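Remarks on the structure that follows.
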Amino acid sequence: GKTTVVREFGKAEYDCFVEFNFILDANARAAFDGKLDADTIVENLSALARKPLAPGKTLILLDEIQECPNARTAIKFLVEDGRFDYVETGSLLGVKNKKVPSYPVGFEELYAMYPMDFEEFLVASGVQEPTLALLRDCYGSEKPVPAVIQDTIERLFYSYIIVGGMPDVVQTYVNTHDIGQVLAVQQELLALYRQDITQYAEPNDRPKIRAIFDSIPAQLNDKNRRFLVNSLRPTARLERYADSFNWLVDAGVALPCYNVTEPKAPLKLNEKRNLFKLFAADTGLLCALSMDSIQFSILQGDVSVNMGSILENVMAQMFTANGFSLHYFDTHKYGELDFVLQNGTGIDLVEIKSGNDYKRHAALDKIRQVTDWQARRALVFCKGNVQQENGVLYLPWYMAMFYAQPTRPEGMIYQVGEYKDRDTYLRHCLKTTNDMEALVKEILSAARMGGSDFHLERTDLDISQMLRKVCQQFRGRMEDK
């Protein structure tokens with residue numbers, strides 16, 4: 001998935017695109033065995049590419065970067081060199097566990113990639129943009145989705161639950177619509193996960209990691225869905241398994257959802273790290289892990305069997321992809337709220353309902369009545385249509401694809417004087433740059449005064465005018481002070 005995305009991006013956005021795979025190509029690894037200066041590396045890569053690399057117009061993909069730690073060290077020098085753009089892709093486990101001689105701090109931007117979300121699944125399944133635009137409009141304006149479209153998208157959502165978002169699995173489903181083949185690909189991926197545990201985890205941690213991974217379906221199927229460590233072994237204690245949980249989270253295999261002391265922002269400060277749910281990063285793989293033949297029941301619209309745990313998992317997967325950190329709230333006094341999500345600076349209370357009685361939500365109602373816990377919104381994702389009632393917004397399950405964190409602004413410049421407006425700020429930057437350029441030219445002119453061809457000329461100098469000009473440059477800041 002990662003390599004394909006970068007490859008298509010490179011071919012579409014750059015005049016020249018080349019890729020090197022450090023697993024398949026020993027020569028690519030050898031290119032980083034000697035000197036790591038930019039000139040040497042660029043010379044080696046140009047020879048391997050067997051075609052001219054145009055400066056400023058070339059994207060170079062370094063695939064399976066975890067197999068060549070020296071390449072990550074060299075990135076610092078390659079970025080500073082500036083001739084080409086670079087993308088590194090690889091196994092998250094390998095990237096985190098392979099020792100790198102010198103990390104290129106400040107020269108890499110890290111991007112987390114998740115399984116395909118439901119909107120991407122719809123596009124892969126042939127749903128056209130006008131339909132997606134209509135759904136976005138219904139979500140934004142809080143109006144019901146037309147019945148025909150509602151039924152169609154709901155059936156596709158059932159398919160998404162069992163297929164999941166792993167690219168190979170989605171491609172198999174799109175090509176064949178054969179659930180048997182889908183399950184076969186999912187089982188191969190699960191086998192690769194277990195292989196990664198053997199390859200990258202410390203020997204003493206491997207049994208604990210496998211036990212946690214294999215127990216996720218059973219833990220989610222429990223009534224309160226909270227992960228109980230003593231279910232792995234009667235004598236198990238959380239502190240002894242903490243590294244194993246973190247390993248699965250770091251690997252992108254599991255999604256933790258922590259309980260909070262109260263549903264107030266910032267949620268990170270209210271976490272109870274010893275109480276948590278553990279979701280699978282991909283719901284399709286969760287179904288394949290140990291759900292027997294539940295896939296076929298779901299495809300037929302039977303949402304009664306284990307549907308609560310599966311729905312919570314697919315929602316956790318979609319919320320994570322949309323930028324949310326997962327939390328829930330559970331006390332004896334108020335009951336359990338499936339998700340408490342920090343949306344910007346506000347708090348959203350979220351319930352996931354699998355049955356027809358989705359308008360019954362005692363815990364949500366109790367929590368909304370607490371004066372100190374004034375939430376921004378109360379949401380219920382259910383099998384119904386879009387509806388606002390008594391301060392609660394009811395949304396179809398699939399509408400979670402549009403529920404996302406607010407987009408981060410391009411610039412976050414503190415509002416001071418002339419710098420309140422981004423365009424004004426940029427104009428000031430340009431003017432400052434031009435002033436610096438003029439100053440450098442004056443310095444160079446002064447340096448040439450010692451030459452034999454230099455002739456001194458006398459002129460009048462207005463010091464007061466120079467001072468006014470300089471003070472004018474800093475007027476905005478002085479006024480704010």
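Being a predicted model, the structure only gives us computed values, none of them experimental.
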Would you say that Phe279 contacts Ile216 through its side chain, given a criterion of any heavy-atom pair below 4.5 Å between the two side chains?
no
Is it true that a side-chain atom of Gln317 and a backbone atom of Thr283 form a donor plus acceptor pair closer than 3.5 Å?
yes
Counting only heavy atoms from other residues, nucleotides and ligands, does the tally under 6.0 Å from CG of Asn356 exceed 12?
no
When you check the gap from the basic side-chain N to the acidic O, do Glu108 and Arg72 get nearer than 4.0 Å?
yes
Quick check for you: to the nearest 0.5 Å, what is the distance between Asp214 atom CG and Ile209 atom CD1?
12.0 Å
With side chains defined as the heavy atoms from C-beta onward, is the minimum distance between Leu78 and Phe107 less than 4.5 Å?
no
Is a side-chain N or O of Ser125 found less than 3.5 angstrom from the main chain of Val127, in a donor-acceptor match?
no
Check Ile367 against Tyr334 and note the closest heavy-atom contact, atom names and distance.
CG1-CB, 4.1 Å
Do Val380 and Leu393 pass the side-chain contact (heavy atoms from CB on, under 4.5 Å) test, and can you show the C-alpha distance, the side-chain angles, and the key distance before you say yes or no?
CA-CA 6 Å; Val380 173; Leu393 178 59; over 6 Å; no
Verify whether one side chain among Tyr398 and Gln150 offers a donor that lies under 3.5 Å from an acceptor in the other.
yes
Rounded distance (nearest 0.5 Å) linking atom CD of Glu188 with atom CG of Leu183:
11.5 Å
Flag, side chain of Gln342 to backbone of Asp348, donor-acceptor distance under 3.5 Å
no
Close side-chain approach of Leu349 to Phe339, heavy-atom, < 4.5 Å:
no
Lys/Arg cation over aromatic Tyr328: Lys277, 6.0 Å, 45° cone
yes
In terms of side-chain heavy atoms, does Glu109 have a donor or acceptor partner in Tyr111 at a distance below 3.5 Å?
yes
Taking Asp338 first and then Lys353, would you say they form a salt bridge - that is, a charged N and a carboxylate O separated by under 4.0 Å?
no
Go through it in stages, so that I can follow the logic: the residues are Thr152 and Ile149, the test is side-chain contact (heavy atoms from CB on, under 4.5 Å), and I'd like the CA-CA distance, side-chain angles, deciding distance and then a yes or no.
CA-CA 5 Å; Thr152 301; Ile149 296 178; 5.7 Å; no
Looking at Tyr258, does the NZ or CZ of Arg273 lie under 6.0 angstrom from its six-membered ring centre and within 45 degrees of the ring axis?
yes
Of the non-hydrogen atoms in Lys264 and Asn270, which two are nearest, and what is the gap between them?
O-ND2, 2.8 Å
Run Met113 and Val5 through side-chain contact (heavy atoms from CB on, under 4.5 Å) and show every step you take.
CA-CA 10 Å; Met113 296 189 71; Val5 168; 4.2 Å; yes
Testing the basics here: between Ile161 and Cys287, what is the closest heavy-atom pair and its distance to 0.1 Å?
O-SG, 3.9 Å
Asp330-Asn259 side chain donor-acceptor pair, cut-off 3.5 Å:
no
Side-chain heavy-atom pair Val340, Leu267 within 4.5 angstrom cut-off:
yes
Between Asn343 (side chain) and Gly346 (backbone), is there a donor-acceptor pair under 3.5 Å?
no
For residues Leu134 and Cys138, determine if any side-chain heavy atom of one lies less than 4.5 Å from a side-chain heavy atom of the other.
yes
Residues in side chain to side chain contact (heavy atoms under 4.5 Å, CB included) contact with Gln374, at least two apart in sequence or another chain:
none
For Arg360, the side-chain hydrogen bond (donor to acceptor under 3.5 Å, both in side chains) test, sequence neighbours excluded, returns none
Any salt bridge linking Lys383 with Glu154? Criterion: basic side-chain nitrogen under 4.0 Å from a carboxylate oxygen.
no
Say you draw a straight line from CE of Met318 to CE of Met399; how long is it, rounded to the nearest 0.5 Å?
10.5 Å
From CA spacing to verdict: side-chain contact (heavy atoms from CB on, under 4.5 Å), Glu271, Lys268
CA-CA 6 Å; Glu271 285 181 355; Lys268 285 285 185 183; 3.4 Å; yes
For the backbone of Val145 and the side chain of Asn385, can you confirm whether one donor and one acceptor N or O come within less than 3.5 Å of each other?
yes
Classify the ring geometry of Tyr14 against Phe9: parallel below 30°, tilted from 30° to 60°, perpendicular beyond 60°.
perpendicular
Is the shortest distance from a Lys or Arg side-chain nitrogen in Glu8 or Lys11 to a carboxylate oxygen in the other one below 4.0 Å?
no
Parallel, tilted or perpendicular: ring planes of Phe121 versus Phe118, cut at 30 and 60 degrees:
parallel
Flag, side chain of Gln186 to backbone of Ile162, donor-acceptor distance under 3.5 Å:
yes
Where Ala316 and Leu255 come nearest, the two heavy atoms and their spacing:
O-CD1, 4.0 Å
Could you grab the distance from atom CE of Met166 to atom OH of Tyr114, nearest 0.5 Å is fine?
13.5 Å
Asp63 vs Phe22 side-chain heavy atoms within contact, under 4.5 Å
no
Spacing of CD belonging to Glu312 relative to CE belonging to Met315, to within rounding of 0.5 Å:
10.0 Å
Is Arg136 salt-bridged to Glu119, cutoff N-O under 4.0 Å?
yes
Check: Gln187 side chain, Ala288 main-chain N or O, donor-acceptor pair, under 3.5 Å
yes
Asn175 atom CG: more than 12 heavy-atom contacts under 6.0 Å
yes
Quick one: closest heavy-atom pair of Pro396 and Val386, and the distance?
CD-CG2, 3.7 Å
Check: Tyr403 main-chain N/O paired with Asn322 side-chain donor or acceptor under 3.5 Å:
yes
Between Gln181 and Thr172 (side chain of the first, backbone of the second, donor and acceptor by atom type, cut-off under 3.5 Å), is there such a pair?
no
Could you tell me the separation between the CD1 atom of Ile347 and the CZ atom of Phe329, rounded to the nearest 0.5 Å?
12.0 Å
Test item: Phe157 and Arg155 side chains (from C-beta on) under 4.5 Å apart, heavy atoms
no
Looking at every non-hydrogen atom in both residues, tell me the closest pair between Pro167 and Met116 and how far apart they are.
CA-SD, 4.1 Å
Polar side-chain atom of Asp282 near backbone of Gly165 as donor-acceptor pair, under 3.5 Å:
yes
pair His361-Val392: side-chain heavy atoms closer than 4.5 Å:
yes
